[in-house]
Amino acid sequence: MTQDHTVAPATAKAGPAPWRPSRTVAVVLAGGTGTRLGLGIPKQLLKIAGKPIIEHTLAVFEAAPEIDEIVVLMATGHVADAQQIVDKAGFRKVTKVIEGGDTRNATTRIALDAVGEGDCNILFHDAVRPLVSGRIVRECVNALWTYSAVDVAIPSADTIVQVDEDDCITDIPVRSSLRRGQTPQAFRSGTIREAYRLAEGDPHFAATDDCGVVLRYLPGTPIKVIDGSDENIKVTHPVDVHLADKLFQLAAAQAPRVTDERSYTEELTGRTIVIFGGSYGIGHDLAELARRYGAQVFPFSRSSTGTHVERAEDVEAALKTAFEATGRIDHVVVTAGILEKGALAEMDQETMDRVLQVNFVGPVIVARQSLPYLQQTKGQLLLYTSSSYTRGRARYALYSSTKAALVNLTQALSDEWAEFGVRVNCVNPERTATPMRTKAFGEEPEHTLLAAETVARSSLDVLISDLTGQVIDVRRAPGEVPTQPGPARAERDASLADAG
């Protein structure tokens, strides 16, 4: 029986109407000039990780399902530059790119006019915080169902001191109650408009951030603080450019996981996948998986087909074989690689040449030869790195440096090939149970290694995703133990451990 929750008119309590925003608008504030960086262009146009900072920032809001519209407030004289970036990247949510004001409060007023009347959520975000996460955006929007003003902040790791005009300490606030403010700052539109309306009557008004305006002019309004992140840095000083660039390099994306087996079949049936290094380990397992879901797979390696990735004529012949058989090439994967331990000063020239040729020159050749085919299908090139790419290690100098080079190659090619619709990604598996690793390190405890099939499954997820320019970490699930191959396959794989 349905209960009647109707309250009698005499006893009903009047309360605020539930919040019903018509849309959620992200306002990207890009009015900085780059003076502190010593640049001739606004800092938001500076390139980091192959793209202008503002493009990275806009991409986060473009991808956030909580955001309906994006408005960009650009530095004077550079609106056309920002519009060009928006057009080239194909950001569909950006509805306006307009000139900002001379001050922060003037820029906010322009933004409020651009958003227009009507109840909506508004997020103000610094364009030069390109590492803001989708998680932060989501939590800001969700908090607006309960609060009318939301800030983003992180705890202060440093003791904060207050000083006087002579730079002498006057107070040391308790650190546990202090936070370092970030953006976005989010508001119900009526709240931020009312705060600025009241501020107009104050001749001394000067805004440094919008939550401060609400705090001062609407003091009874609770401002919710959600957790930011250490990575959500603001590019202000020269050192910030290097930090942001490194953070982008180290940031690992997550491949969208496909849980429905039928989805794999729908995505892969009829596609052609070429795998260089497909005779054992990750490459072999990827080939088996892809075939299971209907893809036409062509594995090539030095041992099974006599294909050397460092020889352009071999790569050209392999791609031609696959194309003539199926009329298309959708994905090209390079798992070929060799691991040689030893001090660089003690390594002979032949070994050094082999490591450099197979681990780096080979993928470069494959990339060049594959592009014409991948352009036709708007396909993807998939490379593989190692956790050692983040820091070179003793006795792995060439291996580590070639793996770092592949990460940079991935990021550069994804930018170069964006205009062709070709995606480029790089998988970064943790220590994996492969014949190459066994040959280099001997037998290791099973529970410490990732299964090659797990890496292959994640690789398949990347291939059918829309990701590009990403390093995708693959980590062992708790309790995962690699599947041990049968004696025949183990013996064969061991013989192929150097085959590339």
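Arg188 places a side-chain N or O within 3.5 Å of a backbone atom of Leu144 that can act as its donor or acceptor partner. Put simply, the side chain of Lys96 never gets that close to the backbone of Val72: no donor and acceptor are under 3.5 Å apart. Side-chain atoms of Asp164 come within 3.5 Å of backbone N or O of Asp166 as a donor-acceptor pair. Although no hydrogens or angles enter the test, the distance criterion places a donor-acceptor pair under 3.5 Å between the side chain of Arg175 and the main chain of Ala157. Here the side chain of Thr385 pairs a donor or acceptor atom with the backbone of Lys403 at under 3.5 angstrom. Judged by distance alone, the side chain of Ser177 and the main-chain N or O of Val174 form a donor-acceptor pair under 3.5 Å. Put simply, the side chain of Gln375 never gets that close to the backbone of Val422: no donor and acceptor are under 3.5 Å apart. Judged by distance alone, with hydrogens and angles left aside, the side-chain atoms of Asp209 form a donor-acceptor pair with the main-chain N or O of Cys211 at under 3.5 Å. The backbone N or O of Ala127 sits less than 3.5 Å from a side-chain atom of Thr57, completing a donor-acceptor pair. Panel note: side chain Thr183, backbone Gln185; no donor-acceptor pair is recorded below 3.5 Å.
In this structure, Arg23 CZ and Asp68 CG are separated by 8.0 Å, a value rounded to the nearest 0.5 Å. The OG atom of Ser370 sits 7.0 Å away from atom CD1 of Ile329, with the distance rounded to the nearest 0.5 Å. How far CG of Leu398 is from CZ of Phe360: 13.0 Å, rounded to the nearest 0.5 Å. Once rounded to the nearest 0.5 Å, the distance linking SG of Cys426 with CG of Leu467 reads 12.5 Å. Note: Ile70 CD1 to His125 NE2 = 11.0 Å, rounded to the nearest 0.5 Å. In this structure, OG on Ser189 lies 8.5 Å from CD on Glu117, to the nearest 0.5 angstrom.
By the neighbour-count criterion of 12 heavy atoms within 6.0 Å, atom CG of Asp202 is densely surrounded, having more than that number from other residues, nucleotides or ligands. In this structure, Asp113 places its CG atom where more than 12 heavy-atom neighbours from other residues, nucleotides or ligands lie under 6.0 Å away. In Arg216, the CZ atom is crowded: over 12 heavy atoms of neighbouring residues, nucleotides or ligands sit closer than 6.0 Å. Tyr373 OH: more than 12 foreign heavy atoms inside a 6.0 Å radius. Atom CD of Glu200 is surrounded by more than 12 heavy atoms from other residues, nucleotides or ligands within 6.0 Å.
Here Asp210 pairs with Arg104 in a salt bridge; the nearest charged N to carboxylate O distance falls below 4.0 Å. A salt bridge is defined here as a Lys NZ or Arg NE, NH1 or NH2 lying under 4.0 Å from an Asp or Glu carboxylate O, and Arg197 with Glu194 meets this definition. A salt bridge does not link Lys88 with Glu55: every distance from a Lys NZ or Arg NE/NH1/NH2 to an Asp or Glu carboxylate oxygen is 4.0 Å or more. Of the charged side-chain nitrogens involved, at least one lies within less than 4.0 Å of a carboxylate oxygen, so that Arg354 and Glu340 count as a salt-bridged pair. Contact check on Glu62 versus Arg92 returns no salt bridge, with no Lys/Arg side-chain nitrogen under 4.0 Å from an Asp/Glu carboxylate oxygen. Salt bridge Asp330/Lys378: absent, no basic N to carboxylate O contact under 4.0 Å.
Neither side chain, His237 nor Asp240, offers a donor N or O lying under 3.5 Å from an acceptor on the other. Residues Asn105 and Thr103 have side chains that bring a donor and an acceptor to within less than 3.5 angstrom of each other. Under the 3.5 Å distance criterion, with hydrogens and angles disregarded, a donor-acceptor pair is assigned to the side chains of Asp348 and Thr351.
Val235 is listed as a side-chain neighbour of Pro130, based on a closest heavy-atom distance under 4.5 Å. Using a 4.5 Å cut-off on side-chain heavy atoms (C-beta onward), Thr410 and Val471 make no contact. In this structure, the side chains of Met74 and Glu99 stay at 4.5 Å or more apart for every pair of heavy atoms. Leu319 has its side chain within reach of Phe276: a pair of non-hydrogen atoms, C-beta onward, lies under 4.5 Å apart. Considering only heavy atoms from C-beta on, His308 stays 4.5 Å or farther from Val315 through its side chain. The closest side-chain heavy-atom distance from Arg180 to Ile154 is below 4.5 Å. Side-chain atoms of Val161 and Asp171, non-hydrogen and from C-beta on, never get closer than 4.5 Å to each other. Annotation: side chain of Ile98 is not in contact with side chain of Val79 (no heavy-atom distance under 4.5 Å).
The side chain to side chain donor-acceptor pair (under 3.5 Å) test with Asn425 is passed by exactly one of Gln380, Gln411, Gln470: Gln380.
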Discussion item. With side-chain contact (heavy atoms from CB on, under 4.5 Å) as the criterion, how do Val163 and Thr170 come out once you've worked through the C-alpha distance, each side chain's angles and the decisive distance to 0.1 Å?
Written reply: CA-CA 5 Å; Val163 300; Thr170 60; 5.7 Å; no

Item to complete: For Thr335 and Val333, run side-chain contact (heavy atoms from CB on, under 4.5 Å): C-alpha distance rounded to whole Å, both residues' side-chain angles, the deciding distance at 0.1 Å, then the answer.
Response: CA-CA 6 Å; Thr335 62; Val333 180; 3.8 Å; yes

Practice prompt. Could you give me the CA-CA distance, side-chain angles and deciding distance for Trp19 and Asn121, then say whether side chain to side chain donor-acceptor pair (under 3.5 Å) is met?
Written response: CA-CA 10 Å; Trp19 179 237; Asn121 294 326; 2.9 Å; yes

Practice prompt. I would like to know whether Leu382 and Val334 meet side-chain contact (heavy atoms from CB on, under 4.5 Å); could you show each step before the answer?
Written response: CA-CA 6 Å; Leu382 184 61; Val334 186; over 6 Å; no

Fill in: Step-by-step side chain to side chain donor-acceptor pair (under 3.5 Å) determination, His78 to Asp81
CA-CA 5 Å; His78 294 279; Asp81 296 324; 2.9 Å; yes

Practice prompt. Would you please test Val28 and Leu58 for side-chain contact (heavy atoms from CB on, under 4.5 Å) and show each step?
Written response: CA-CA 8 Å; Val28 175; Leu58 290 172; 3.7 Å; yes

Discussion item. Apply side chain to side chain donor-acceptor pair (under 3.5 Å) to residues Asn428 and Tyr384 and explain how you reach the verdict.
Written reply: CA-CA 6 Å; Asn428 176 32; Tyr384 289 77; over 6 Å; no

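Pairing each heavy atom of Cys140 with each of Val150, the nearest pair is O-CG2, 4.2 Å. Residues Leu73 and Ala111 approach most closely at CD2-CB, 3.9 Å, considering heavy atoms. Between Val137 and Leu123, the shortest heavy-atom distance links the atoms CG1-CD2, 4.3 Å. Considering all non-hydrogen atoms of both residues, Trp417 and Ala367 come closest at CH2-O, 3.3 Å. Between Arg311 and Ile365, the shortest heavy-atom contact is N-CD1, 4.3 Å. The shortest heavy-atom contact between Gly228 and Val152 is CA-CG1, 3.4 Å.
Ring to ring, Tyr196 and Phe205 are close: their centroids are under 6.0 angstrom apart.
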